[in-house]
Amino acid sequence: MKIFLTGYMGSGKSVIGEMLAKKLNYKYVDLDDQIEVIQGKSINAIFESKGELFFRKLESQILDDILEDTSNMIISLGGGTPCYGNNFERICEQKDTKSIYLKASIQTLTDRLFVEKIHRPVISHLETREALEEFIRKHLFERAYYYSQSDISVTVDEKTPETIVAEIMERL
Ligand SMILES: Nc1ncnc2c1ncn2[C@@H]1O[C@H](COP(=O)(O)OP(=O)(O)OP(=O)(O)O)[C@@H](O)[C@H]1O
Ligand SMILES: O=C(O)C1=C[C@@H](O)[C@@H](O)[C@H](O)C1
Ligand SMILES: [Mg+2]
């Protein structure tokens, strides 16, 4: 079985994915980390030198490699992965998969991302908290359409990673 974690930047896909993989004894793949390893560059550097379109094509190709792998695994997708091309359709078409939306409020996302935006090229130019919050509000409105098509939605606000993992285990 493959379990895909979806959700906005900062919703906890990487943190929860790694913990869940350990609990279930599944292989763990973080799509963003894979891209960085394959390119030998940070996501910021890829966006800067080759542009977002190049990144999106790579993201989609690496998703294909993951879809071909038949191991049991947890996959932390990038924040944009389900929202581009036919990425989400390709995930849903596969047998024996589950997708989980880590649903975070604008408040939670703004709090977390304001201190970490430097590593995230889509938001790194937003200088004030207000500008970041306004951006997230609009962006999440567009993207929630995709995330909410996941099989399971888990609200993550004010929950510890352990609580979230336990809730996911119960609902799988
Ligand atoms: N339940 C939680 N409670 C408190 N902090 C959390 C929780 N989940 C994640 N975090 C923290 O929020 C930040 C963002 O988490 P993480 O990097 O896992 O998000 P992500 O969804 O993988 O983001 P991206 O799409 O940009 O890769 C990290 O500093 C992480 O430690
Ligand atoms: O939401 C997005 O578009 C992104 C999220 C990150 O996971 C990375 O995939 C990258 O920074 C782009
Ligand atoms: Mg991540």
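In listed order, ligands and their atoms are each counted from 1.
The nearest non-hydrogen atom to atom 4 (C) of ligand 2, considering only S76, P82, C83, G80, comes from G80. Among K13, E162, E116, the residue whose heavy atom sits closest to atom 24 (P) of ligand 1 is K13. Of the listed residues (E18, K159, R112), the one carrying the non-hydrogen atom nearest atom 10 (N) of ligand 1 is R112.
The side-chain heavy atoms of L77 and L63, taken from C-beta on, include a pair separated by under 4.5 Å.
The shell of residues lying under 4.0 angstrom from ligand 1, judged by heavy atoms, excludes G7. By the 4.0 Å heavy-atom criterion, G10 is counted among the residues contacting ligand 1. Residue R143 places a heavy atom less than 4.0 Å from ligand 2.
Residues R56 and E52 are paired through a salt bridge, judged by an N-O separation under 4.0 Å between the basic side chain and the carboxylate. Under a 4.0 Å N-O distance rule, the pair E93/R90 does not qualify as a salt bridge.
Scanning all protein heavy atoms for the shortest distance to atom 9 (O) of ligand 2 gives D32 OD1, 2.6 Å. Remark: minimum distance from atom 16 (P) of ligand 1 to any protein heavy atom is reached at G12 CA, 3.8 Å. Here the protein heavy atom with the shortest distance to atom 17 (O) of ligand 1 is R120 NH2, 3.3 Å. Of the protein's non-hydrogen atoms, V15 CG2, 3.7 Å is the one closest to atom 31 (O) of ligand 1. Among all protein heavy atoms, the one lying closest to atom 27 (O) of ligand 1 is D32 OD2, 3.4 Å.
Although no hydrogens or angles enter the test, the distance criterion places no donor-acceptor pair under 3.5 Å between the side chain of T108 and the main chain of A104. The backbone N or O of S153 lies less than 3.5 Å from no partner atom in the side chain of S150, so there is not a single donor-acceptor pair. For Q94 (side chain) and L67 (main-chain N/O), a donor-acceptor pair under 3.5 Å exists by modelled atom type. Judged purely by atom type and a 3.5 angstrom limit, E36 uses its side chain to pair as donor or acceptor with the backbone of I43. Remark: side-chain polar atoms of E116 are not paired, donor with acceptor, to backbone N or O of R112 under 3.5 angstrom. Remark: the backbone N or O of V122 is not paired with any side-chain donor or acceptor of K117 at under 3.5 angstrom.
Contacts of Y8 with ligand 2, taken as heavy-atom pairs under 4.0 Å, are absent altogether. Within the 4.0 Å heavy-atom criterion, the part of R56 lying near ligand 2 is the side chain and not the backbone. Residue contacts with ligand 1, taken as heavy atom pairs separated by less than 4.0 Å, do not involve I16 at all. If you look at D30 next to ligand 1, there are no close heavy atoms at all, none under 4.0 Å.
Atom numbering of ligand 1 starts at 1 in the shown order; those under 4.0 Å from a heavy atom of G79 are 25 (O). Atoms of ligand 2 found under 4.0 Å from any heavy atom of G78, numbered from 1 in the order shown, are 7 (O), 9 (O). Distances below 4.0 Å separate heavy atoms of P121 from the following atoms of ligand 2: 11 (O). Interface atoms of ligand 1 facing P161, defined by a heavy-atom separation under 4.0 Å, are 1 (N), 2 (C), 3 (N). Residue I164 has at least one heavy-atom neighbour below 4.0 Å for each of these atoms of ligand 1: 1 (N). Close approach of ligand 1 to Y8 is summarised as follows: ligand atoms under 4.0 Å from at least one heavy atom of the residue are 21 (O).
Between S14 and Y28, the shortest heavy-atom contact is O-OH, 3.3 Å.
Cluster annotation: I3 is connected to I168 through the hydrophobic network of ILVMFWY side chains, with a link wherever side-chain heavy atoms come within less than 4.5 Å.
Between Y147 and Y101, the ring center distance clears the sub-6.0 Å criterion.
Looking at D69 and S71, their side chains do bring a donor and an acceptor atom within 3.5 Å of each other. Side-chain contact of T81 with N87: a donor-acceptor pair under 3.5 Å is absent, judged by distance alone.
Taking distance alone, with nitrogen or oxygen atoms compared against 3.5 Å, G79 approaches ligand 2 more closely than that limit. Considering backbone and side-chain N/O of L77, none are found under 3.5 Å from N/O of ligand 1. Not one N or O of H119 is nearer than 3.5 Å to an N or O of ligand 2, by distance alone.
One of the N, O or S atoms belonging to S14 lies under 2.8 Å away from the Mg ion (ligand 3).
Taking a 6.0 Å sphere around CG of N25, one finds it holds 12 or fewer heavy atoms contributed by other residues, nucleotides or ligands.
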